[in-house]
Amino acid sequence: MKFLKKRVPEFWHHKERVAGEKGQQYIFRSKWLILLMVTLCLTLIPLGLSTLFFYENNKKETITDLLSETAVLARGGAVDVKVFFDKHLSTLRILRSQFKDDHFKNKDFLKRVLKEIRKNDINFSSLSILGEKGCVVSCCNGRIDDCLGIDVNRIDTAKESFVLEISLARGIPGFVCGLKLETRKKENLYLVGVIDNFSTEKFLSKLKLKDVIDTFVLDNDGKLITESSIFGSSGKKVFFPKSKNESYSRILFNPNPEKYEQFLFYGISKIADTDMNFGILMSNQSYRIFMKRIKSHILIMVFLSALFAFIAVFLLVTWMIDMIYRADKIRQVYLTKAARSSKMASIGQLAAGVAHEINNPLAIINEKAGLLKDFFTFLDEYQDDGRLLPIVNSITAAVERAGTITHRLLGFARETDISVQKINIKNTIQEVLGFVHKEAEYKSIKTKVDIRSTIPEIKTDNGKLQQILINLVNNAIAAMDEDGILELKVLNNSDDKSIEIYVKDNGCGISASNQKKIFEPFFTTKSEIGGTGLGLSLTYGLIRDLHGTLEFDSSAGVGTTFIITLPYKIDEEE
Amino acid sequence: MKVLLVDDEKELISTIAERLSFRKIETHWVTEGNKALEMVREENYDVAVLDIKMPGISGLELGEKISEISPEIKIIYCTGQGETGVKNVSEKDTFLSKPIDLNLLIEKMNQMVGE
């Protein structure tokens with residue numbers, strides 16, 4: 001907390017009176033807050049939008065990828081189903097090539113053959129010979145009427161073989177493979193095998209690879225031929241968008257929310273040489289895993305970016321407001337200075353005007369008094385009264401005093417000529433201390449002088465600088481009681497173009513109310529002991545003549561420091 | 001020594017003139033520049049003491065005109081502004097600041113006439 005307190009910028013505690021009835025307010029704090037909010041919005045909104053766009057784009061791409069994967073799987077599945085049918089048709093072909101037509105009309109023969117081929121993993125549940133009007137002869141592994149469901153009209157007689165879906169006796173869906181027999185009597189006879197339902201299901205379930213949760217076969221109208229765990233039992237019609245492509249994939253939304261996720265992928269592919277289609281349903285698990293990973297990556301990324309953006313904006317805005325605050329403060333200092341110097345200038349003009357106007361009557365008084373004195377000096381008849389001459393003398397003395405004041409006032413107002421020469425500030429200070437030496441000794445005041453060896457010789461008016469220093473040192477001595485310490489220090493200014501002279505005392509200091517007025521002419525706290533109130537205002541004018549500045553720092557009871565800043569050389573063109 | 005004083009302050013100039021006459025210096029005074037020029041034409045003065053700031057013709061202008069009429073007149077200018085003491089601008093002219101110290105004025109006049 002202590003660390004934080006140190007870091008709080010200056011403007012944070014700055015209160016200022018604002019117009020209206022609101023009174024004192026933290027104006028910089030509210031500016032800071034507004035700027036911070038606006039900048040944060042400008043930074044974070046684009047970040048959020050681009051993140052959202054990135055996320056949506058990723059989602060779309062993932063779905064596209066998974067859809068094409070589903071389509072590929074569906075096509076592969078359809079090929080597998082075709083191979084499955086071809087395997088059974090091939091068996092029938094071998095039988096046709098090995099035996100004569102008459103053999104097949106023998107039920108016992110068929111039975112034997114069925115038994116043999118079933119041993120070789122060809123799972124026909126029945127074998128039959130199909131004539132134009134239905135079954136000629138058939139035998140089966142199970143029930144006898146397995147082939148009765150075949151609609152003869154559906155067989156394309158132009159083709160050598162066919163694969164059809166049939167409804168088996170108990171409503172169980174099944175597939176039947178048929179092969180045309182070449183008979184001597186040119187009859188249309190087919191060797192037909194009904195594929196064992198169990199083996200079909202077993203085969204279809206073998207195709208449930210990876211995320212495939214369901215496989216099924218449907219006809220061209222979208223009617224289910226095999227059972228589907230999602231769409232229901234066979235015979236049910238499912239939504240089946242027609243497509244020119246042999247295989248395609250889509251998203252299935254909301255299939256069964258209790259059992260499955262909100263959406264699944266399904267792919268449909270045509271089984272070659274049949275009127276059937278193979279379909280698969282894919283879970284969205286891969287999608288979810290991928291999106292979860294993307295989400296966590298994006299979250300970390302966004303969080304870090306937002307954090308950095310916030311820190312950067314926070315620091316930047318704080319720095320900016322602090323700079324504005326500092327600039328404002330400097331501006332106010334300059335305004336105060338400008339106001340003071342213009343005030344001093346107008347006071348100076350006023351004083352000069354008054355002094356000039358008073359000078360004339362003073363001159364008259366002076367001359368009249370002088371004339372009176374002449375009467376007493378040159379004419380015998382006035383010399384008897386000895387009291388009058390001293391009166392005249394005190395009048396001329398008073399006029400002289402008034403004359404000194406008016407001259408000083410005129411000096412304050414007027415830019416007098418300056419004679420610039422190269423001086424060593426150390427010598428000047430020693431000379432000044434020589435003037436005030438007696439006074440300081442009388443009050444037992446110690447004097448400390450600290451002049452940096454790096455101080456160069458400066459070009460200025462030595463006489464005026466002496467007058468300035470004598471005024472300030474005299475003031476310092478007057479402010480101190482016995483055993484005070486007077487310090488004189490000279491430093492280079494940081495701009496390396498000027499020096500700073502510190503005149504420091506540990507005397508009574510200047511009260512806060514007096515601090516504003518000390519440079520004004522006739523302001524004095526020493527009127528009882530003959531102060532005219534012109535010392536500091538004259539000093540101010542003299543320093544201005546030397547192109548310098550005068551500042552001070554004082555607190556009542558602690559002491560006062562006057563700081564004179566003087567340029568290394570006076571720019572005479574100014 | 002004959003002196004002409006010119007200043008718009010009648011009270012001042014008359015008093016100075018009276019004081020100078022106590023010191024055996026013949027002094028005339030006027031309060032206007034034109035009258036001063038007339039006086040210079042009529043009589044021969046050794047010194048003219050001129051106030052710089054006067055209504056109408058200024059002290060410096062008047063000084064130039066007087067020099068044209070009779071170049072031998074020494075001129076002392078008085079000014080209300082400036083530091084105490086004397087400031088020589090040219091070899092001939094002398095400046096004195098107000099209020100005028102009478103002894104200083106006499107000293108200057110003697111110096112100039114003596115030269």
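To find a chain, count down the sequence lines: A is the first, B the second, and so on, and within it residues start at 1.
Scanning all heavy atoms of the two residues, the minimum distance from S14(B) to K368(A) falls at OG-NZ, 4.5 Å.
To the nearest 0.5 angstrom, T15(B) atom OG1 is 11.5 Å from I365(A) atom CD1. Rounding to the nearest 0.5 Å places CD of E367(A) at 5.5 Å from CG of L12(B). To the nearest 0.5 Å, atom CG of residue L372(A) and atom CZ of residue R19(B) are 9.5 Å apart. Residue I364(A) holds its CD1 atom at 6.5 Å from CD of E11(B), rounded to the nearest 0.5 Å. To the nearest 0.5 Å, atoms CZ (R23(B)) and OG1 (T377(A)) are separated by 7.0 Å.
Using a 4.5 Å cut-off between heavy atoms, E9(B) contacts chain A through its side chain alone, with no backbone atom that close. Of the two parts of L362(A), neither the backbone nor the side chain holds a non-hydrogen atom closer than 4.5 Å to a non-hydrogen atom of chain B. Only the side chain of L379(A) has a heavy atom closer than 4.5 Å to any heavy atom of chain B.
Within a 6.0 Å sphere centred on CD of E431(A), other residues, nucleotides and ligands contribute more than 12 heavy atoms. Under a cut-off of 6.0 angstrom, the local environment of NZ in K2(B) is crowded, with over 12 non-hydrogen atoms contributed by other residues, nucleotides or ligands.
Using the six-membered ring where Trp is involved, F378(A) and F22(B) have ring planes that are parallel, under 30° apart on the 30 and 60° scheme.
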